[in-house]
Number of protein chains: 2
Amino acid sequence: MDLSSIEIFLAVARDRSVTKAAKAVGRVPSNVTTRIQQLEEDLNVSLFSRDGKKMTLTREGETFLAYADRLMALALEARQAVRPLAPSGTLRVGTMESTAASRLPAALTQFNRMWPDVSLHLTMGASRDLARAVVGDALDCALIARPPKAMRGEDADFEAGLKALDMEPVFVEELLIVLPSGHPAIKSAADLRVGSIAALEPGCTYRRIAENWARKSSALPTSELGSYHAILASVATGKAAGVMPRSVLDLMPWPTSVQTHQLGLVETLLISRKNDHPSAFNAFHEVLSARKGRDIRLATN
Amino acid sequence: MDLSSIEIFLAVARDRSVTKAAKAVGRVPSNVTTRIQQLEEDLNVSLFSRDGKKMTLTREGETFLAYADRLMALALEARQAVRPLAPSGTLRVGTMESTAASRLPAALTQFNRMWPDVSLHLTMGASRDLARAVVGDALDCALIARPPKAMRGEDADFEAGLKALDMEPVFVEELLIVLPSGHPAIKSAADLRVGSIAALEPGCTYRRIAENWARKSSALPTSELGSYHAILASVATGKAAGVMPRSVLDLMPWPTSVQTHQLGLVETLLISRKNDHPSAFNAFHEVLSARKGRDIRLATN
DNA sequence: CTCCATAATTCCGGAAATGAGATTTTTTCC
DNA sequence: GGAAAAAATCTCATTTCCGGAATTATGGAG
């Protein structure tokens, strides 16, 4: 029994879907299928009942889920416990607005409980600026979104800066275009019936992805707003289409009255300077890694 | 982090030796070394201090040991918990005298605590007879010693019977010739200054191994006794050399006053009919497997 | 002090497990 | 009934893992 199998199991159990779980843990679906099958064979019990496309836990799966959670928690605790010098001092973490809203609350709570002696300094910003700050030692690490492969050529500086850094994927976000409530479904930016695209700062990767997508088939201007709440308010007026990951949208008070269009999946990376990993950073890294498959994914169906 | 690495870690931690741990978990020493190194790298901490040939736990190793134990226990509990139908009824287990004495007490206690509804029927006997009983459905499973490769040809019937069974190694025993207290050290059977070799029944694998060894350089008769206590008493008279695994000798009341000679390592196998694994058997199998690296090895140094 | 036996590590080749894609099958939704 | 989507299956390249041989290091005996 391998702890990575258990991580995969947890993801499938939560998402009730091989495909989604695969995205969440950064693997390919066929692989997830086989790992689950191996686990089932190893335990000699069927963990999921395959009702067509849905994967629902069997009764045995439910009981195993409880143990799986405890095993992961215990493994994390073990990792943290053997740290020779208890992390202390300050850790300067940079984060995107969206990650701060959706993913960090739980993780930071956990981290604080484990290492109360570390004082966390959170800085919000766009991916570009955060990366620069890490390179320039103004931050110890940051959570950023890297543009998808196809767009990497456009911002050579950014990419060059990343070369000097350690990077590790910790989350996967589904990036959305959010449309006003009455707006018809769209296939491409040409179908947009709004006056602008509402996004955050220019250095924001999500904004760049959206602009890149829009540019192909329309000439909409971008209107710059300060927060995701402001963006959604702007969408609510009917004048703009917003850009945000699903995890953020799911937190918002208007759950149903918006139409969305998928722009694709974007990884969130934890970046840090190579060979400069203070104990507090490693602890933070471990806490984030342990949450990989485990975060609440709110009402994806 | 892989649970098999943790099993290996536990073995090394207990034995303070890569070589012994390798035997205990049924692997080759180089492999054990690598797995420990991987674990250390993964945790980014040094678990053992290599003082020459000894492997002693570091302080971090000590704290990890506690977690390792809990992880293995939790994993076993998880396995047992998902069993769809709780084992019940009876399980007929055959065992060698030696295994019953040294290895089973702890395992059976644990098993009884977990599955009080299973009534265990223990039968003691020689490996040959036990194997026959399993084939003939007089037992559900048995713990036997298989002759080492070199001797397999001699008892074709026995080997043929095993072909029809599932086999899995669960323990490794160090087989010894036990000499009377004043007896000089020996290199081979030719150096023996006793009248006979004291062993159990003819079907006993340990006896056969000893006879095979003796035959090469002496013509000593075998005197057959009914129990290991009887054998040791016979050795104490100075007239015989006894045959028994170290784990049994270690349990005996005369710890120091005997001289021993190593005959080699012999695996203890759990055998069962193929495709005939009642729930209670699987539970028993899991309990034994989980103890692989964990049993108390008494004063090997 | 040197040689020898023992233990750990390193090195290397074959075997097994893993993961990514392509393909197939099944199900659900039009 | 057909199209879309999801899971399972298959294949292949890659990685990892394991066992055995060679190497290094240590402690003990002469």
A.B. asks: Suppose we screen for side chain to side chain donor-acceptor pair (under 3.5 Å). Which residues come up paired with Ser127(B), at least two apart in sequence or across chains?
C.D. replies: Thr205(B)
A.B. asks: Residues two or more places apart in sequence or in another chain: which of them pass side chain to side chain donor-acceptor pair (under 3.5 Å) with Ser30(B)?
C.D. replies: none
A.B. asks: Find the distance Asn31(B):CG to dT16(D):C1' and express it as a whole number of Å.
C.D. replies: 11 Å
A.B. asks: How do Ser30(A) and Asp2(A) order along DNA chain C: which one's closest nucleotide is nearer the 5' end?
C.D. replies: Asp2(A)
A.B. asks: Nearest whole angstrom, please: distance from the C1' of dC17(D) to the CZ of Arg27(B).
C.D. replies: 9 Å
A.B. asks: Students often get this wrong, so: under 4.0 angstrom with heavy atoms, is Thr34(B) touching a base, only sugar-phosphate, or nothing?
C.D. replies: nothing
A.B. asks: Starting at atom CZ of Phe48(A), determine the distance to atom C1' of dA8(D), rounded to an integer number of angstrom.
C.D. replies: 15 Å
A.B. asks: Need two values: the first and the last nucleotide of DNA chain C, 5' to 3', having an atom under 4.0 Å from any heavy-atom of chain B.
C.D. replies: dT6(C) to dT10(C)
A.B. asks: Will you find, in the side chains of Ser49(B) and Thr56(B), an N or O donor that is under 3.5 Å from an N or O acceptor?
C.D. replies: yes
A.B. asks: Going by ring pair (Phe, Tyr, Trp, His ring centres under 6.0 Å), name the pairs with one or both residues in residues 9-28 of chain B, residues two or more places apart or in two chains.
C.D. replies: Phe9(B)-Phe48(B), Phe9(B)-Phe64(B)
A.B. asks: So Val28(B), base contact, sugar-phosphate only, or nothing? Heavy-atom distance under 4.0 Å.
C.D. replies: base
A.B. asks: Applying salt bridge (Lys or Arg N to Asp or Glu O under 4.0 Å), name anything that partners Lys274(A), two or more places apart in sequence or on another chain.
C.D. replies: Asp166(A)
A.B. asks: Tell me, which of residues 35-44 of chain A have any heavy atom that sits under 4.0 Å from an atom in DNA chain D?
C.D. replies: Gln37(A)
A.B. asks: Could you list the residues that satisfy ring-ring contact (aromatic ring centres under 6.0 Å, His included) with His183(A), not counting sequence neighbours?
C.D. replies: none
A.B. asks: In chain order, what residues pass the ring-ring contact (aromatic ring centres under 6.0 Å, His included) check against Tyr206(A), with sequence neighbours excluded?
C.D. replies: none
A.B. asks: Reading nucleotides 23-30 of chain D from the 5' end, what letters show protein touch, with B for base, S for backbone sugar-phosphate only, - for no heavy atom under 4.0 Å?
C.D. replies: ---B----
A.B. asks: Applying ring-ring contact (aromatic ring centres under 6.0 Å, His included), can you list everything that pairs with Tyr67(B), at least two apart in sequence or on another chain?
C.D. replies: none
A.B. asks: Give one of base, sugar-phosphate or nothing for Thr33(B), where a contact means two heavy atoms less than 4.0 Å apart.
C.D. replies: base
A.B. asks: Please state how far atom CE in Met55(A) lies from atom C1' in dA8(D), giving the value in whole angstrom units.
C.D. replies: 10 Å
A.B. asks: Taking salt bridge (Lys or Arg N to Asp or Glu O under 4.0 Å) as the test, write out the residues that go with Asp191(A), two or more places apart.
C.D. replies: none
A.B. asks: What residue among Lys23(A), Arg103(A), Arg246(A) forms side-chain hydrogen bond (donor to acceptor under 3.5 Å, both in side chains) with Glu173(A)?
C.D. replies: Arg103(A)
A.B. asks: Partners of Glu40(B) by salt bridge (Lys or Arg N to Asp or Glu O under 4.0 Å), sequence neighbours excluded?
C.D. replies: Arg50(B)
